[in-house]
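Naming: A, B, ... by sequence-line order, numbering from 1 per chain.
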Amino acid sequence: MPFSQKILRWYHENKRTLPWRKTKNPYNIWLSEIILQQTRVVQGTPYYLKLVENFPTVHDLAKAPEEKVLKLWQGLGYYSRARNLHAAAKMIVNEYDGRFPRTYNELLKLKGVGDYTASAIASICFNEPEPVVDGNVYRVLARYYGVDIPINSTEGIKYFKKLARKVMNKENVRDYNQGIMEFGAIQCAPKKPYCLLCPLNDSCTALQRNKVGDLPVKMNKAKVRNRYFNYLVPVFEKDGIKKTILHQRKGKGIWQNMWEFPLMESEKEINLEEIKNKHSTVLNSDTNGKVSLFNTHAIVHKLSHQHLHTKFWIVEVDHDLPNGIPLSKLEELPVPVLIADFIKAFKNLYF
DNA sequence: AACACGGGGAC
DNA sequence: GTCCCAGTGTT
């Protein structure tokens, strides 16, 4: 039996019931695919449900303010996905009259839709014979066919796409593509796959050569950078309402368009004296305030390639500051998890 | 070709 | 701690 037939059979017997498997509507499939980029199904599922509920159609998404999209995306990470999703929705509504692109080549023009996602939507919604190559497919193909070319090298990317195209099932690429990914996620898992019970174990190259643990091969990634964040959290009162200040992050780098407190970044951890000397500059005002450190030890917030050593400094200001945000409105803004966690802890003490 | 971009869960 | 997740965009 050909490889693709084995995958199809396995899929029909083992596929999970997932919310986006109830439809072939390209809007829903697109939404699910963007959410699931570099994201596990269990983590992405509640976000899919939440987004579909708030934005049932591409029109609802297009007319929403970006802030609302980011707020719903809060906690999922890779926030450019949310911004691109929103931009693509606007493009579909304004330039395509609300009609979703229906081919791989047209889908590829949407912001945030690359080779994988265009292939996924084209095959799942329209059965276009385009192979998907995600992390699962790299692993399954590398093991089954015994390929040791690094999956993240230029050569590997080309090789695996070509191999994927060669072995796919063109007639039912819709189920085949979902099947090979599901097979990689459930059966041919990264760690300790249970090959003894695998229906493909009689023809798996890696298993026969005892190489399952060595495949796929991946080139090392860059190491993490340490950064030292000092958030200045001004607290002041205006007309009996407690307020603070947050800014929207702009420019390059992490958390674009998400909100955070005024930030002072330093080369290393700094102490109370250094904060006192500088904080009026960052807050753009002579605060005259009492400064205290909220968290005794720096919080280390870990991103894929940055470790953010973070201290929150509470600055009690005795007068009004411009652009104050009432503490009661704090949880309406889209903020990174680091800030959301702080707000939660801060709330228990100050609200 | 190399790097930036989040957060969480499994081990 | 390490690895990796239904990858994409930028330089």
In residues 1-14 of chain A, what donor-acceptor pairs under 3.5 Å come from side-chain atoms, sequence neighbours left out?
unit_1   : atom_1 : unit_2    : atom_2 : d
Lys6(A)  : NZ     : Ser203(A) : OG     : 2.7
Tyr11(A) : OH     : Arg21(A)  : NE     : 3.1
Asn14(A) : ND2    : Trp10(A)  : O      : 2.8

Decide, yes or no, whether a salt bridge links Asp320(A) with Lys243(A) under the criterion of side-chain N to carboxylate O below 4.0 Å. no

Which is true for Arg21(A) with a 4.0 Å heavy-atom rule: it touches a base, it touches only sugar-phosphate, or it touches nothing? base

Kindly check if the number of other-residue, nucleotide or ligand heavy atoms within 6.0 Å of NZ (Lys250(A)) is above 12? yes

Find the distance Asn84(A):CG to dA4(B):P and express it as a whole number of Å. 19 Å

More than 12 non-hydrogen atoms from neighbouring residues, nucleotides or ligands closer than 6.0 Å to CG on Asn323(A), yes or no? no

Spacing between Arg81(A) atom CZ and dG7(B) atom P, to the nearest angstrom: 11 Å

Do other residues, nucleotides or ligands put more than 12 heavy atoms under 6.0 Å from the CG atom of Asn277(A)? yes

Val41(A) near the nucleic acid: base, sugar-phosphate alone, or nothing, with a heavy-atom cut-off under 4.0 Å? sugar-phosphate

Report which part of the nucleic acid Gly253(A) touches: base, sugar-phosphate, or nothing (heavy-atom distance under 4.0 Å, all strands). sugar-phosphate

Within residues 44-57 of chain A: residues closer than 4.0 Å to DNA chain C (heavy atoms): none

Just jot down the side chain to side chain donor-acceptor pair (under 3.5 Å) partners of Lys347(A), sequence neighbours excluded, or say none. Glu331(A)

What does Val113(A) touch in the nucleic acid at a heavy-atom separation under 4.0 angstrom: a base, only the sugar-phosphate, or nothing? sugar-phosphate

Within this structure, what is the CG-to-P distance between Leu338(A) and dG7(B), rounded to whole angstrom? 8 Å

Heavy-atom neighbours of Lys111(A) NZ exceed 12 at 6.0 Å: no

Need to verify one output field. Residue with the more 5' nearest nucleotide on DNA chain B, Glu155(A) or Asp341(A)? Glu155(A)

Whole-Å distance, Gln38(A) CD to dA4(B) C1', equals 12 Å

Can you pull out the residues from residues 71-78 of chain A that lie within a 4.0 Å heavy-atom distance of DNA chain B? Gly75(A), Leu76(A), Gly77(A), Tyr78(A)

Sticking with atom P, work out how far dA6(C) lies from dC3(B), rounded to a whole angstrom. 25 Å

Whole-Å P distance, dG8(B) and dT8(C): 22 Å

What is the separation between atom CD on Gln37(A) and atom P on dG7(B), rounded to the nearest whole Å? 16 Å

Between Trp20(A) and Tyr48(A), ring centroids under 6.0 Å: yes

Considering only residues two or more places apart or on different chains, which pairs with a residue in residues 164-174 of chain A satisfy side chain to side chain donor-acceptor pair (under 3.5 Å)? Glu130(A)-Arg165(A), Asn172(A)-Asp175(A)

Output the residues of residues 116-136 of chain A in contact with DNA chain C, where contact means a heavy atom of the residue under 4.0 Å from an atom of the strand; sort by number or write none. Tyr116(A), Thr117(A), Asp134(A), Gly135(A), Asn136(A)

Residue pairs passing the side chain to side chain donor-acceptor pair (under 3.5 Å) test with at least one member in residues 224-234 of chain A, sequence neighbours excluded, are Asn226(A)-His309(A), Arg227(A)-Glu265(A), Arg227(A)-Gln306(A), Asn230(A)-Ser266(A), Asn230(A)-Trp313(A), Tyr231(A)-Glu260(A)

Go through the N and O atoms of the side chain of Gln43(A) and the base of dG7(B), and report whether any donor-acceptor pair is under 3.5 Å. yes

Can Gln74(A) and Tyr79(A) be counted as having a side-chain donor-acceptor contact under 3.5 angstrom? no

Ile299(A), Leu330(A): one ILVMFWY side-chain cluster at the under-4.5 Å cut-off? yes

Given Watson-Crick and G-U pairs under 3.5 Å, DNA chain C in dot-bracket ([ ] crossing, | other strand) is ||.||.|||||

List in numerical order all residues of residues 294-309 of chain A for which some heavy atom is under 4.0 Å away from an atom belonging to DNA chain B. His301(A), Leu303(A), Ser304(A), His305(A), Gln306(A)

Taking N and O atoms by type only, does the side chain of Thr39(A) place a donor or acceptor under 3.5 Å from a partner on the base of dG8(B)? no

Within residues 6-14 of chain A: residues closer than 4.0 Å to DNA chain C (heavy atoms): none

I'd like to know if Ile149(A) and Val217(A) are part of one continuous hydrophobic network [Ile/Leu/Val/Met/Phe/Trp/Tyr, side-chain heavy atoms within less than 4.5 Å]. no

Glu66(A) with Arg83(A): basic N within carboxylate O range, under 4.0 Å: no

Separation of atom CG in Leu36(A) from atom P in dG7(B), rounded to whole Å: 18 Å

Test salt bridge (charged side-chain N to carboxylate O under 4.0 Å, His left out) on Lys242(A) and Glu237(A); report intermediate values, then the result. CA-CA 4 Å; Lys242(A) 288 188 179 176; Glu237(A) 206 163 320; 5.5 Å; no

Without hydrogens or angle criteria, can the side chains of Arg81(A) and Asn84(A) be said to hold a donor-acceptor pair below 3.5 Å? no

Within the supplied structure, the quantity of interest is the number of heavy atoms (other residues, nucleotides, ligands) at a distance under 6.0 Å from Asp202(A) CG; does it exceed 12? yes

Ion pair present between Glu155(A) and Lys158(A), side-chain N to carboxylate O less than 4.0 angstrom? no

Identify the 5'-most and 3'-most nucleotides of DNA chain C with at least one atom closer than 4.0 Å to a non-hydrogen atom of chain A. dG1(C) to dT11(C)

So if I take residues 162-182 of chain A and measure heavy-atom distances to DNA chain B, which residues fall below 4.0 Å? none

Does the side chain of Pro193(A) come within less than 4.5 Å of Gln187(A)'s, by heavy atoms? no

Given DNA chain C, 5'-ward residue of the pair Ser32(A) and Gly112(A), judged by closest heavy atom: Ser32(A)

Specify the separation, in whole Å, of atom CZ of Arg225(A) and atom C1' of dC3(B). 12 Å

